[in-house]
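Structure record follows, encoded as structure tokens.
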Amino acid sequence: ALESEVERLKGEVAQREVQLKYLRERRRVARIDQVVRTPDPGAPGGALTSFRFQEMGEEGTPAGPAQPFTILGDIAYFEALVVKFDDAFVERNDLLKGSSLLLLRRVFGEHQAPIDGFPIDSQGQRPAGYEPEPDDATPFHRDLWRRFWEYALEPEIAREAGVRAMHGEAPFMKLAPGRTYEISLRTSEGLLIRVLPEPVPPPQ
């Protein structure tokens, strides 16, 4: 009986470690650096701004290859699809619904139409910025992304899935040379963009 109880407790500890790791990974973070502003009298806004977009994993290490972008002007819009779950799931760190989810749809400058923006994540699929999910989580979240607007437009379907809100967001920020920016998604809220307090060495 004692050995059985020990094994049960070990199983609970292992499950909790998986949950905590999963919840950490679902807080997506990206860094924007290497900002270069190039005057261009012929371009709308009179300038082009190039920068590097890098997904960041645990411990601030790069996750996947960096993506270079060049926009018209120096104001960058980051358009995203966000899924927010009911607060009760967030409060108890639910494995499936304990953290908001984020799909970064595209980035574009203030002098560009959104349709002319540059894609970041693939729509209808689990965002590549998330680590592989536990087997029991994958089908549920895959369905959320595949049927995003169906869930968003049908309150009853969203409520049954434990979803509090599903919608698009497009915060924007002025990009300046020499600055490093961080984009993140808080557990129960939306997309945040902030300037890091001091220059961060570029990921190697």
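- Residues that satisfy the ring pair (Phe, Tyr, Trp, His ring centres under 6.0 Å) test with F53, not counting sequence neighbours, are absent from this structure.
- Electrostatic pairing of E79 and R106 counts as a salt bridge here, judged by a charged N lying under 4.0 Å from a carboxylate O.
- Within the 3.5 Å criterion, the main-chain N or O of L104 finds a donor-acceptor partner in the side chain of D121.
- Of the possible polar contacts, none joining the Y151 side chain to the A165 backbone as a donor-acceptor pair under 3.5 Å is found.
- Contact of the I193 side chain with the F172 side chain is not registered, since no non-hydrogen atoms from C-beta on lie closer than 4.5 Å.
- For E150, the side chain to side chain donor-acceptor pair (under 3.5 Å) partners at least two apart in sequence or on another chain are R147.
- Checked against side chain to side chain donor-acceptor pair (under 3.5 Å), E7 has no partners two or more places apart in sequence or in another chain.
- Every salt bridge (Lys or Arg N to Asp or Glu O under 4.0 Å) that R159 has, sequence neighbours left out, goes to E156.
- Between L48 and D40, the shortest heavy-atom distance links the atoms CD1-OD2, 3.9 Å.
- Nearest heavy atom pair, residue T70 against residue S50, reads OG1-OG, 2.8 Å.
- Aromatic ring pairs are classed by plane angle as parallel below 30°, tilted from 30° to 60° and perpendicular above 60°; the pair F89 and F85 is perpendicular.
- Two residues are said to be in side-chain contact when any heavy atoms from C-beta on lie closer than 4.5 Å; H141 and L101 meet this criterion.
- By the 4.0 Å N-to-carboxylate-O rule, R164 lies too far from D86 to be salt-bridged with it.
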Ignoring hydrogens and angles, write down the donor-acceptor pairs under 3.5 Å from the side chains of residues 111-120, residues two or more places apart or on other chains.
from : atom 1 : to   : atom 2 : distance (Å)
Q112 : OE1    : L72  : N      : 3.1
Q112 : OE1    : G109 : N      : 2.8

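- Residues passing the ring pair (Phe, Tyr, Trp, His ring centres under 6.0 Å) test with F108 are Y77, sequence neighbours excluded.
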